[in-house]
There are 2 protein chains.
Amino acid sequence: MSSDLEIAQSAKLRPLTEIGEQLSLSPTDLEPFGHYAAKIEPAKLREAGSQRGKYVVVTAVTPTPLGEGKTTTAIGLVQGLGKLGKKVVATLRQPSLGPVFGIKGGAAGAGYSQVVPMETLNLHLTGDFHAITAAHNLLAAMVDNHLQHGNKLDIEPHSITWGRVLDMNDRALRNIVVGLGRKVDGVPRQSRFDITAASEIMTIVAQSADLPDLRARLGRIVVGFNTSGEPVTAEDLKAAGAMAVLLRDALRPNLLQTLEGQAALIHCGPFGNIATGNSSIIADKFALANTDFVITEAGFGADLGYERFVNVKCATSGLVPDAAVIVVTVRALKLHSGRHKVVAGKPLPPELLEENSADVEAGLSNLAHHLDIVRKSGVPAVVAINAFPDDHESEHQVIKDFAASKGVACVVSTHVADGGEGAQELAKAVVEAADQATDLHFSYEPEDSLEDKINSIATKVYGADGVKIEPAAAKQLARFTELGFGKLPVLIAKTHLSTTADPADRGAPTGWTLPIREVRLAAGAGYVYALAGAMQTMPGLGTHPAAEKMDITPDGRIVGLF
Amino acid sequence: MSSDLEIAQSAKLRPLTEIGEQLSLSPTDLEPFGHYAAKIEPAKLREAGSQRGKYVVVTAVTPTPLGEGKTTTAIGLVQGLGKLGKKVVATLRQPSLGPVFGIKGGAAGAGYSQVVPMETLNLHLTGDFHAITAAHNLLAAMVDNHLQHGNKLDIEPHSITWGRVLDMNDRALRNIVVGLGRKVDGVPRQSRFDITAASEIMTIVAQSADLPDLRARLGRIVVGFNTSGEPVTAEDLKAAGAMAVLLRDALRPNLLQTLEGQAALIHCGPFGNIATGNSSIIADKFALANTDFVITEAGFGADLGYERFVNVKCATSGLVPDAAVIVVTVRALKLHSGRHKVVAGKPLPPELLEENSADVEAGLSNLAHHLDIVRKSGVPAVVAINAFPDDHESEHQVIKDFAASKGVACVVSTHVADGGEGAQELAKAVVEAADQATDLHFSYEPEDSLEDKINSIATKVYGADGVKIEPAAAKQLARFTELGFGKLPVLIAKTHLSTTADPADRGAPTGWTLPIREVRLAAGAGYVYALAGAMQTMPGLGTHPAAEKMDITPDGRIVGLF
């Protein structure tokens with residue numbers, strides 16, 4: 001099989017005006033950025049009506065470090081629905097430059113289920129991430145500049161939580177000291193860079209309903225506290241207006257296409273651990289008002305991205321999903337048997353690829369757990385087996401039998417090898433599921449205390465017995481509540497490699513307690529996040545970064561981008 | 001008079017396809033980025049023929065900290081030539097985001113001589129600066145990552161000269177320590193951030209003839225030295241290919257338009273002190289092959305930007321300028337009398353605005369000096385008085401009389417208030433000057449030693465008696481020569497506020513010696529630069545940054561961007 005890049009480069013793309021028609025967009029409703037990407041005109045976004053299409057979210061079991069192909073399955077499903085003659089649009093996250101040059105090269109699906117142009121998508125696209133980087137760093141510069149020029153807001157320097165961001169995997173920037181040198185060179189203090197996907201602004205753009213909402217959220221960003229313990233905001237620093245100026249166009253979704261010519265709205269890419277891990281509300285709303293099926297995806301397993309999709313994204317947007325697809329792979333279930341070890345950045349161990357339905361069976365507890373999360377939320381589920389070339393029929397059968405025993409549809413999908421053709425059965429199952437009624441249940445109510453919210457997610461979603469909140473974290477929760485942030489939803493920053501807080505745990509363990517060591521505030525994005533383990537917000541590069549293999553030919557063709 | 005932004009926002013823009021026709025570009029030769037900015041298709045850039053148009057460079061006297069309106073005059077001249085019915089294109093630098101949010105707000109001309117859309121130009125444009133930032137920081141991450149993973153190239157950490165960049169005025173990043181934390185968080189060392197305009201990659205893009213040249217230059221970047229003292233390059237780190245991937249589109253100039261509908265190619269913006277301070281060769285070449293007049297500008301006074309325009313930009317491109325416009329203002333000459341003090345970021349002192357032709361007369365030595373620089377280079381000159389509302393007729397007359405005594409054309413231009421109408425006389429003078437023959441003289445030959453090159457610039461261009469090279473700098477020069485970099489041109493990083501190395505000096509002092517304390521290498525950009533004073537490569541924000549006044553209306557209109 002050809003590489004993803006080769007498949008993408010040999011694709012015959014359709015004129016974007018044709019793609020726009022799928023969303024009732026006339027050529028003048030599109031602002032082109034290059035020949036095959038465009039932003040939607042603000043007026044069209046403003047006048048988008050109410051939900052008309054079916055809203056389908058793609059989630060997954062607890063992934064291996066290699067990922068289980070959620071994006072690929074989402075794109076395959078879109079192409080599969082296309083084969084059935086359905087009007088369908090994908091709403092997906094934009095890939096981050098850091099990982100593109102780090103571990104994995106480009107990523108926007110795989111094989112014959114991709115969004116194209118692949119290079120545009122994986123590199124700068126229309127500049128949204130760059131705009132978010134700039135807005136984030138403008139605020140950071142204004143924070144340090146405020147300290148420099150007399151600190152009239154009386155900011156306590158050690159309380160500053162606002163770092164800087166770059167869309168790069170750069171471990172050397174995780175812990176830095178800034179402001180060294182002479183008096184004119186700033187106030188020395190310890191700080192950090194995160195990757196842009198971890199910027200609160202990334203989630204702000206993803207969660208904003210419109211431009212005034214974006215502007216208000218930017219103003220609410222808390223950068224730290226004054227010496228009396230009161231929050232200091234971006235509005236206090238008079239930075240929010242200029243940040244909105246930088247972000248005006250980044251709030252508009254980007255129109256691209258799948259390999260088979262369906263519209264794909266690519267917008268935002270919040271980190272999956274400390275942020276929502278979901279693409280934008282604005283893109284979903286617009287798509288749902290203008291087509292029959294909208295397929296989106298939620299980062300990591302159902303315990304993380306899907307939980308936030310329901311409790312944060314849908315709770316904010318008011319949108320109600322009609323179906324959820326749970327992606328499962330044979331390799332993931334084998335890993336969840338606890339009998340194999342997979343290391344990020346290294347090939348899968350050969351014994352994991354051998355036919356072994358007993359291992360698959362032993363890992364079913366993980367699928368059961370994620371299915372349970374989806375069912376408890378009241379959304380009709382479909383299990384999609386993302387087929388790999390080294391899978392065996394008998395292994396697929398184990399999963400199918402399990403699904404049958406649970407009364408849930410389960411389909412093998414070969415969209416990577418076969419494109420939409422290979423996802424037709426999945427598409428049919430999704431159409432059926434989406435015709436069933438949704439009775440959306442949130443895991444908690446806004447009125448619940450922050451502690452109760454954490455407890456609800458831990459017990460109802462993760463399957464923990466309870467929560468152990470460290471005294472320092474409890475104090476922070478009390479303080480956030482006192483400051484009026486008690487009604488915000490709560491995210492739990494937890495490993496994505498297990499349903500528990502320990503990345504080494506496999507399957508779906510019970511009888512454990514979720515430890516919360518620290519709590520942080522994202523007042524602009526609109527949530528409080530509790531840390532259950534050390535969360536990395538700036539990835540590093542490996543010994544041989546993917547960048548080493550990339551190059552450009554004299555006539556401008558990109559090579560080595562996966 | 002309305003603000004620059006108001007004038008720009010009320011302008012009626014022409015379809016960009018119409019603008020493209022001025023450069024023989026059909027609609028399919030343009031890749032749109034938004035409705036009113038486009039990149040030129042690579043094929044058109046590749047097939048651009050030889051120089052057909054007249055090549056005019058706009059330079060200036062030694063500026064006040066407020067600048068003397070070179071960009072404005074260049075745009076006014078383009079519009080003035082337009083009024084005369086000439087086919088004319090502006091080739092200008094892209095503004096940097098840092099200063100936009102810092103001191104001055106947006107800037108792309110002023111009043112009725114602007115490039116539009118002003119917001120597009122001053123904010124992200126088509127993302128070139130962001131791409132340069134990303135490519136620069138990818139290399140930085142790969143340098144630190146190399147130290148992290150065993151340092152096979154044996155890089156001596158203290159020799160690393162490659163920092164990181166952001167397009168932001170952020171003084172706290174001038175001196176930082178990176179790599180703190182645990183073992184997995186990098187190797188601790190001191191480093192820095194520069195503003196993106198100071199990135200060597202900015203000059204590389206500006207100086208590159210085409211994509212293969214860009215790729216080769218990226219590979220030649222020296223990031224530091226190994227423990228044997230040999231240079232370590234981006235090619236050695238296997239980073240140059242991926243950097244070229246990020247920069248592929250940034251190498252293509254951006255098409256915008258003036259307020260009066262002439263084409264403007266906006267491309268690159270290298271810093272004026274440690275870099276060339278000139279827009280791209282690729283844009284000039286393309287424009288010169290496709291129109292009758294091309295107006296470009298060179299940063300700061302003739303001692304800096306113009307000297308580099310001739311000795312670095314033209315020496316590289318092989319292009320020969322047909323005329324040079326020296327912009328002069330009454331306020332600048334008054335300042336050069338040595339009788340006034342102007343402070344950056346503060347309004348001009350009222351006494352400087354009072355009628356005082358004696359002060360203007362006393363400052364003429366500065367104009368004489370810059371005129372001399374241009375004449376020595378063999379390029380026909382025109383003096384353009386950029387008129388301000390508070391100028392007086394008698395003051396203009398002093399400048400005119402002086403120019404007449406030197407036998408050089410001198411015209412008052414009111415393009416800021418009147419647009420092209422106000423620059424018609426200037427346009428006529430430029431047409432005449434450009435019909436005279438150029439006998440281009442470089443200040444030195446490639447074969448001259450690096451020391452001799454420095455000496456030539458100091459004595460022939462700056463008017464110094466000689467050069468005093470500190471022992472450490474002399475050692476560096478010997479080392480660069482030994483390593484094979486002796487044939488490169490030399491830039492001298494010197495204050496732009498005086499013809500000497502002391503920013504307090506006014507007029508055009510003689511009888512002084514240029515001190516060189518350090519020499520650095522920009523092997524990818526293709527020059528050695530000698531520091532004659534402390535050079536700031538990361539600006540700071542003032543007490544009240546321009547950003548504080550910016551905002552966005554609910555319907556998306558930008559306000560406060562100057």
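Just so we're on the same page: letters track the sequence lines, and every chain starts at 1.
Put simply, of L251(B), V184(B), V559(B), the one with the most heavy-atom pairs under 4.5 Å next to chain A is V184(B). Most heavy-atom pairs under 4.5 Å with chain B: of the set A37(A), A43(A), G542(A), S191(A), this distinction falls to G542(A). When each of D213(B), L211(B), D144(B), L138(B) is checked for heavy-atom pairs under 4.5 Å with chain A, L138(B) comes out on top. Between chain B and the residues G241(A), G98(A), G181(A), the most heavy-atom pairs under 4.5 angstrom are made by G241(A). By number of non-hydrogen pairs under 4.5 angstrom with chain A, the leading residue of A38(B), A131(B), P545(B) is A131(B). Of all the listed residues (G186(A), P32(A), A240(A)), the one sharing the greatest number of non-hydrogen pairs under 4.5 Å with chain B is P32(A). Options I552(A), V177(A), V178(A) differ in how many heavy-atom pairs under 4.5 Å they form with chain B, and the most are formed by V177(A).
Although no hydrogens or angles enter the test, the distance criterion places no donor-acceptor pair under 3.5 Å between the side chain of H124(A) and the main chain of T126(B). The main-chain N or O of L541(B) is found under 3.5 Å from a side-chain atom of H149(A) such that the two form a donor-acceptor pair. Using a distance-only test at 3.5 Å, with no hydrogens or angles considered, no donor-acceptor pair links the side chain of R174(A) to the main chain of R182(B).
Note that CD of E548(A) is 8.5 Å distant from CG of N145(B), once rounded to the nearest 0.5 Å. One distance of note links CD1 of I176(A) with CD1 of I176(B); it measures 5.0 Å at 0.5 Å rounding. Separating the CG atom in L247(B) from the CG atom in L123(A) is a distance of 10.5 Å, to the nearest 0.5 Å.
If you measure heavy-atom distances from R192(B) to chain A, you find no contacts under 4.5 Å at all. Both the backbone and the side chain of A134(B) come within less than 4.5 Å of a heavy atom in chain A.
The pair D551(B)-R215(A) meets the salt-bridge criterion, with a side-chain N (NZ, NE, NH1 or NH2) lying under 4.0 Å from an Asp/Glu carboxylate O.
Residues R164(B) and L173(A) have side chains in contact (heavy-atom distance under 4.5 Å, counting atoms from C-beta outward).
Ring planes of F33(B) and F33(A): perpendicular class, angle over 60° (limits at 30 and 60°).
Evaluated for a side chain to side chain contact (heavy atoms under 4.5 Å, CB included) with N137(B), the options D170(A), L166(A), D167(A) yield exactly one hit, L166(A).
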